[in-house]
Amino acid sequence: MASYRIRQYREQDYDAVRTLFARGILEHAPAGYRHILRSARAQLGLLVLFAAVRAAAGYWVLGLAAVALALAATWPVVRSFSTSYVQEALCTDLCDISTSYLRVPDSCFWVAEAGGSVVGMVAVAPAQDPAERGVALELKRMSVSKDYRGRGISKALCGEVLRFARARGYGAVVLSTSMVQVAAQRLYEGQGFKKVGTFSPSLLGSLLCFQIFHYRCDLPGGTAAP
């Protein structure tokens, strides 16, 4: 028997859901930072910086110091991707969860509960892409507490969304996830999602080689893909 249960969101879950979401997103910031530093563009930029400072000052130590400062300055920039995303969510749909997901057609919000605490969450809503409207629903706000991963909770939450969409006659479920959320990508691909596109969240994201992956899962017997 599962040590958790999936149920619809209740108002008393509000603080727990918002905290769980924020923690889940912010924990990916270090992985994003490491990814950017491993990129050829970033490494080339650091090498050019080192060479330029060393040539101008005549000391390799100053070149290393300039690189160290650049690395230190990059961290808050990278973390801002996560903090900005969290702040936007908390001020929009997660500000009034019931209104955003429980009082809107073809939308819902579920939590996973274990030991009397909310340990997971997921939402579904009409797709934001106008081309997908009426054809696909969008899986959103998936998060599972770090202490409860590996127990099948993410898979169960994803299954709720797929069943919900299928029961309403939709032909697909779409979602977006960042390139550093590798575990999430494996989960979605294991549930039948396929990567159908990539994009950068901003010009700065493009410069830092940070991408968002767009996934789609076509549902048997649903409306044909657009």
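FYI, side chains are in, hydrogens and waters are out, and symmetry mates aren't considered; it's all heavy atoms of this structure. Here the structure is a predicted model, which means the values were calculated and not measured.
- Annotation: side chain of R216 is not in contact with side chain of K194 (no heavy-atom distance under 4.5 Å).
- Going from atom CD1 of I212 over to atom CG of L175 covers 11.5 Å, rounded to the nearest 0.5 Å.
- The distance from atom OG of S145 to atom CZ of R151, rounded to the nearest 0.5 Å, is 9.0 Å.
- Taking all atoms of both residues into account, the shortest heavy-atom contact from A123 to V161 is O-CG2, 4.2 Å.
- Scanning both residues, Q185 and M179, for their nearest heavy atoms gives NE2-O, 3.1 Å.
- No side-chain heavy atom of C217 sits less than 4.5 Å from a side-chain heavy atom of Q191.
- Its side chain within the 4.5 Å cluster rule, I25 clusters with Y9, Y14, V17, L20, F21, L26, Y85, V86, L90, L94, I97, Y101, L102, F109, V111, V118, M121 among the Ile, Leu, Val, Met, Phe, Trp and Tyr residues.
- Not one N or O on the side chain of E113 forms a donor-acceptor pair closer than 3.5 Å with the backbone of V119.
- For the pair H214 and V174, the minimum side-chain heavy-atom distance is below 4.5 Å.
- Closest heavy-atom contact between R133 and A127: NE-O, 2.8 Å.
- Nearest heavy-atom pair across A156 and Y4 is CB-OH, 3.7 Å.
- R7 CZ: more than 12 foreign heavy atoms inside a 6.0 Å radius.
- How far CZ of R38 is from CZ of R34: 6.5 Å, rounded to the nearest 0.5 Å.
- At least one side-chain heavy atom of L71 sits under 4.5 Å from a side-chain heavy atom of L37.
- Side chains of S107 and S100 form no contact here, defined as non-hydrogen atoms less than 4.5 Å apart.
- Clustering ILVMFWY residues whenever any of their side-chain heavy atoms sit less than 4.5 angstrom apart, transitively, puts Y188 in a cluster other than the one holding V182.
- Atom CE of M142 and atom CD1 of I153 lie 10.5 Å apart (nearest 0.5 Å).
- Look at R18 and D13 and you find no salt bridge, because none of the NZ, NE, NH1 or NH2 atoms lies under 4.0 Å from a carboxylate O.
- Put simply, CD on E189 and CZ on F213 are 9.5 Å apart, with the number rounded to the nearest 0.5 Å.
- Here salt bridge (Lys or Arg N to Asp or Glu O under 4.0 Å) pairs that include residues 71-95, with residues two or more places apart or in two chains, are D93-R141.
- A pairwise comparison of heavy atoms in T177 and Q181 identifies OG1-OE1, 3.2 Å as the closest pair.
- Using a 4.0 Å cut-off between a side-chain N of Lys or Arg and a carboxylate O of Asp or Glu, E160 and R166 do not qualify as a salt bridge.
- Rounding to the nearest 0.5 Å gives a distance of 9.5 Å between OG of S39 and CG of L44.
- Of all the heavy atoms in Y170 and D106, the pair that sits closest is OH-OD2, 2.5 Å.
- Cluster partners of L69: none. The rule joins Ile, Leu, Val, Met, Phe, Trp and Tyr whenever side-chain heavy atoms lie under 4.5 Å apart, and it links nothing here.
- In this structure the side chain of F81 never reaches within 4.5 angstrom of the side chain of S178, judged on heavy atoms.
- Between F164 and W110, the ring center distance clears the sub-6.0 Å criterion.
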Would you sort out whether V173 and V124 count as a side-chain contact (heavy atoms from CB on, under 4.5 Å), showing the intermediate values? CA-CA 9 Å; V173 173; V124 65; 5.6 Å; no
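- At a threshold of 4.5 Å between side-chain heavy atoms, the hydrophobic network of Ile, Leu, Val, Met, Phe, Trp and Tyr places V61 and V67 in one connected group.
- Residues S154 and R149 form no side-chain contact, since every pair of their non-hydrogen atoms from C-beta on lies 4.5 Å or further apart.
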